[in-house]
Amino acid sequence: MILTLTLNPSLDRTIEIASLDRGAVIRAAAARLDPGGKGVNVSRALLANSVASRAVVPFGGDEGRQLIRLLAAEGLDMVTVPVAGPTRSNVTLAEPDGTTTKINEPGTALSQEELDTIADTVLNAAHEADWVVASGSLPPEVPSDVYARLCRRFAGAGILMAVDSSGPALSSALTAAPALVKPNLEELSGATGMPIRRLGDVAEAAAKLRAAGARTVLASLGADGAVLVEEDGIWYGEAPVTEPRSSVGAGDAMLAGFLAGGGRGPAALALALAWGAAAVCLPGSRMPGPDHIDPGAVTVRAPDPDRPLSSPHP
């Protein structure tokens, strides 16, 4: 079973538009409302593919109650934790070529008592888990070492922890030797201070994260695919998408696929890419099921270090 923790969940409204024209009145072609938050999306992707998962979800206010209703309607196995502040709402503007513009609210602060309750809830649920996934941004005023502290507690119980976050939360988590981190291109560059322009740069930056404590690094590169760096080797994979609709949640679907595939090695990377590519082809933050996933579209091989990225950072 894979347990997920989302400290800053959200209601995600996706609005499809012909083009983004600042200052204009834009008429939407379609709109949808999905439950959101990175860990929530990981659990939703696993559920869509009949992989056992449970989500720990703090919620508050009318938005939080609506979030829980949406998750319950999907049949998600979850443990809810009431908090005082309202759950945030995010808005995504999606253009026909797959370009997305996201407006994310920061969320509301959690008290120390609420954090302790959430941590106890995760620890009580984790005894059944093979993996614990801590994903997403931290709400305001939450200590940046919260994921690191959880990771140290899980390590003593032999539970593997994956961290998908950014900034100080990611840097702090590295000190606790997580089993897996999944940075995107911007997060990889930010954590290492390196410009990332070629596949060789990705591999070098991932090696730095491993030297800082991570055992495995799954670096998602958007349209350029992904690089997996672990003790047993380095692999590069890609899964071209001809008709993208929304990239929201695609990285979460990728992480879910990687863990569903065993959490290590080229076979898990291939499944991760298949799940991520399928998510890009769906509207909003809808998670792909077996009918959407095409493992045959994925190629995995040794990376060419001189291959340039189509969207380098910075």
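If you're wondering where the values come from, they're calculated on a predicted model, not measured in any experiment.
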Please find the pair of heavy atoms, one from [X] and one from [Y], that lie closest to each other, and give the distance.
X: G261; Y: A268; answer: O-CB, 3.7 Å
X: P106; Y: P140; answer: O-CD, 3.4 Å
X: D34; Y: L70; answer: C-CD1, 4.2 Å
X: E187; Y: L170; answer: O-CD2, 4.3 Å
X: Y147; Y: S135; answer: OH-O, 3.3 Å
X: R245; Y: A94; answer: O-CB, 4.0 Å

If we count only N and O atoms by modelled type, under 3.5 Å, do the side chains of [X] and [Y] hold a donor and an acceptor together?
X: S144; Y: S172; answer: no
X: D21; Y: S19; answer: no
X: S220; Y: N184; answer: no
X: R197; Y: S311; answer: no
X: K38; Y: T6; answer: no
X: D62; Y: Q66; answer: no

Rounded to the nearest 0.5 Å, what separates atom [atom1] in [X] from atom [atom2] in [Y]?
X: T92; Y: I15; atom1: OG1; atom2: CD1; result: 9.0 Å
X: T121; Y: L5; atom1: OG1; atom2: CG; result: 9.5 Å
X: D130; Y: I159; atom1: CG; atom2: CD1; result: 9.0 Å
X: I2; Y: S53; atom1: CD1; atom2: OG; result: 6.0 Å
X: N41; Y: D12; atom1: CG; atom2: CG; result: 7.0 Å
X: D164; Y: M254; atom1: CG; atom2: CE; result: 10.5 Å

Inspect the surroundings of [atom1] in [X] and state if more than 12 heavy atoms from other residues, nucleotides or ligands are less than 6.0 Å away.
X: E74; atom1: CD; answer: yes
X: R149; atom1: CZ; answer: yes
X: R27; atom1: CZ; answer: no
X: R13; atom1: CZ; answer: no

V202 and L188: CA distance, side-chain angles, deciding distance, side chain to side chain contact (heavy atoms under 4.5 Å, CB included) verdict = CA-CA 8 Å; V202 176; L188 187 62; 3.9 Å; yes
Under the criterion side chain to side chain contact (heavy atoms under 4.5 Å, CB included), which of N8, L110, V146 is the partner of L138?
->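 Of all the options given, the one that passes is V146.
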Taking side chain as C-beta onward, heavy atoms only, is [X] less than 4.5 Å from [Y]?
X: S43; Y: L76; value: yes
X: W131; Y: L180; value: yes
X: P58; Y: P9; value: yes
X: E238; Y: R301; value: yes
X: V122; Y: L3; value: yes
X: L123; Y: F154; value: yes
X: P82; Y: F59; value: yes
X: T108; Y: R88; value: no

Show your reasoning for whether side chain to side chain contact (heavy atoms under 4.5 Å, CB included) applies to L150 and M161.
-> CA-CA 9 Å; L150 284 172; M161 185 164 177; 4.1 Å; yes
Any donor-acceptor pair under 3.5 Å linking the side chain of [X] with the backbone of [Y]?
X: R198; Y: P305; result: yes
X: E16; Y: A31; result: no
X: T117; Y: E113; result: yes
X: D294; Y: G296; result: yes
X: E95; Y: I17; result: no
X: N90; Y: E105; result: yes
X: S247; Y: V280; result: no
X: D224; Y: S310; result: yes
X: S189; Y: M194; result: yes

Is it the case that one hydrophobic cluster holds both [X] and [Y], taking links as side-chain heavy atoms less than 4.5 Å apart, direct or via other members?
X: V227; Y: V300; value: no
X: L269; Y: L221; value: no
X: V40; Y: V142; value: no
X: I234; Y: I196; value: yes
X: V241; Y: V298; value: no

What's the verdict on salt bridge (Lys or Arg N to Asp or Glu O under 4.0 Å) for R264 and E231, showing C-alpha distance, side-chain angles and the deciding distance?
-> CA-CA 10 Å; R264 63 180 302 158; E231 183 179 5; 5.7 Å; no
Decide yes or no on side chain to side chain contact (heavy atoms under 4.5 Å, CB included) for V57 and L71, but give the supporting numbers first.
-> CA-CA 10 Å; V57 187; L71 292 173; 4.3 Å; yes
Apply side chain to side chain contact (heavy atoms under 4.5 Å, CB included) to I293 and N49, showing your working.
-> CA-CA 10 Å; I293 297 168; N49 291 275; 3.3 Å; yes
